[in-house]
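Only one structure is covered here, and it is reproduced in the block below.
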Amino acid sequence: MTTNDPKVIVALDFPAVEPALALLDRIDPGQCRVKIGKEMFTRTGPAFVERVATKGFDIFLDLKYHDIPNTVAAACAAAADLGVWMINVHAAGGRKMMTAAAERLAGLGERPKLVAVTILTSLAKEDLTEIGYAGTPADNVLRLAALAEDSGLDGVVCSPLEVEPLRAQRSDEFLLVTPGVRPAGSSADDQKRIMTPGEAVRRGASYLVVGRPITAANEPAESLSSINAEIAAVPG
Ligand code: C5P
């Protein structure tokens, strides 16, 4: 495991192993963690996860489990066996599901951090109404984050705009893992509500998920170190 707790988690969103490994050869596992999501994992499987771990990177395995409690707890234990640093579940799976996952991991020596997805940022109020959720996305994010903490989870994944209200309501230790981050002057790509790395950390983000500003940069290591410098300059 990385010891100096880098805050940047690089999203390894690639369609194949080779470009992902090429990127990993250009960045330092002491300066960042990496996130492996559904596309890469479905194409490349646990063998790729183990290969990335062998290179010294802490891994956020972003598979967003959502199933009956016993199945999710077993999946979390399987992910822990891979030696990953962080995993996630959907808070909408409910208290029993989240508690079962947290309790299964608590029995392990070194366990991954367990965080929840509250409301997907792709869902607007009318989408929530259609699936039977009352209130705004923001209301639901705060409610489900409270349920996640109460169920023993370590934190949530949230948009940069949700960091400040969540930090105000949740404990200091509760992790806020935040995508939608863009250094000043870089392309927003398809992200709609973005924030700079420094501002997200200043508002209370614990970790930042950053993809294309690093993975598509001509000099990924330089892009990463300038983001780390911006974070380091935030008064702590
Ligand atoms: O390239 P970019 O920095 O936009 O990548 C952000 C990463 O965070 C992607 O892996 C994306 O799927 C993920 N993510 C996100 N917004 C969310 C949840 C996850 O961008 N609400």
Side-chain angles (χ1 to χ4, degrees), residues 6-16 19-20 23-24 26-27 31-44 48-49 52 57-66 84-92 113 115-125 127-128 136-138 140-142 144-145 148 153 155-166 175-201 203 205-218 220 222-224 226-228 230-231:
K7 289 196 180 304
V8 174
I9 304 171
V10 179
L12 277 188
D13 295 324
F14 292 100
L23 188 265
L24 294 178
R26 300 180 70 185
I27 56 177
Q31 300 298 311
C32 64
R33 274 126 170 165
V34 298
K35 178 172 87 66
I36 297 175
K38 286 193 169 99
E39 182 188 5
M40 279 234 73
F41 188 78
T42 304
R43 288 191 188 282
T44 64
F48 177 70
V49 174
V52 174
F57 289 92
D58 282 354
I59 297 161
F60 173 14
L61 189 60
D62 178 18
L63 299 181
K64 300 185 182 72
Y65 298 128
H66 188 173
V84 300
W85 164 76
M86 178 178 277
I87 56 179
N88 58 359
V89 298
H90 272 284
K113 295 181 191 307
V115 299
V117 173
T118 56
I119 297 293
L120 294 168
T121 50
S122 51
L123 297 175
K125 185 169 189 305
D127 302 309
L128 294 184
T136 64
N140 281 281
V141 166
L142 294 176
L144 289 168
L153 267 68
V156 290
V157 181
C158 64
S159 100
L161 298 178
E162 294 156 0
V163 167
E164 205 156 37
L166 280 169
L175 301 176
L176 302 179
V177 181
T178 311
V181 174
R182 287 292 179 272
S186 71
S187 164
D189 304 304
D190 53 357
Q191 296 281 4
K192 293 200 175 62
R193 291 170 296 164
I194 56 173
M195 195 175 284
T196 62
E199 183 60 14
V201 169
R203 291 188 184 202
S206 314
Y207 297 104
L208 308 178
V209 175
V210 187
R212 288 159 291 182
I214 295 170
T215 58
N218 288 331
E222 276 176 29
S223 170
L224 173 60
S226 85
I227 293 171
N228 277 334
E230 184 178 328
I231 293 169

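Atoms within each ligand, like the ligands themselves, are counted from 1 in listed order.
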Write out each pair where an N or O from ligand 1 and one from the protein are under 3.5 Å apart, with the distance.
unit_1	atom_1	unit_2	atom_2	d
ligand 1	1 (O)	R212	N	2.7
ligand 1	1 (O)	R212	NE	2.7
ligand 1	3 (O)	R182	NH1	2.9
ligand 1	3 (O)	R182	NH2	3.4
ligand 1	3 (O)	G211	N	2.8
ligand 1	4 (O)	R182	NH2	2.8
ligand 1	4 (O)	Q191	NE2	2.8
ligand 1	4 (O)	R212	NH2	2.8
ligand 1	10 (O)	D13	OD1	3.4
ligand 1	10 (O)	D13	OD2	2.7
ligand 1	10 (O)	K35	NZ	3.0
ligand 1	20 (O)	Q191	NE2	2.8
ligand 1	21 (N)	T121	OG1	2.7

Q: May I ask you to decide if V84's main-chain N or O and D58's side chain share a donor-acceptor pair within less than 3.5 Å?
A: no

Q: For E164, enumerate each residue passing the side chain to side chain donor-acceptor pair (under 3.5 Å) test, keeping only those at least two apart in sequence or located in another chain.
A: none

Q | K64: partners by salt bridge (Lys or Arg N to Asp or Glu O under 4.0 Å), with sequence neighbours left out | A | D62

Q: Dump the intermediate steps for salt bridge (Lys or Arg N to Asp or Glu O under 4.0 Å) on R212 and D13, then the final yes or no.
A: CA-CA 9 Å; R212 288 159 291 182; D13 295 324; over 6 Å; no

Q: Please identify each residue that fulfils salt bridge (Lys or Arg N to Asp or Glu O under 4.0 Å) with D127, with sequence neighbours left out.
A: none

Q) So, the side chain of S223 versus the backbone of P213: is there a donor-acceptor pair under 3.5 Å, distance only? A) yes

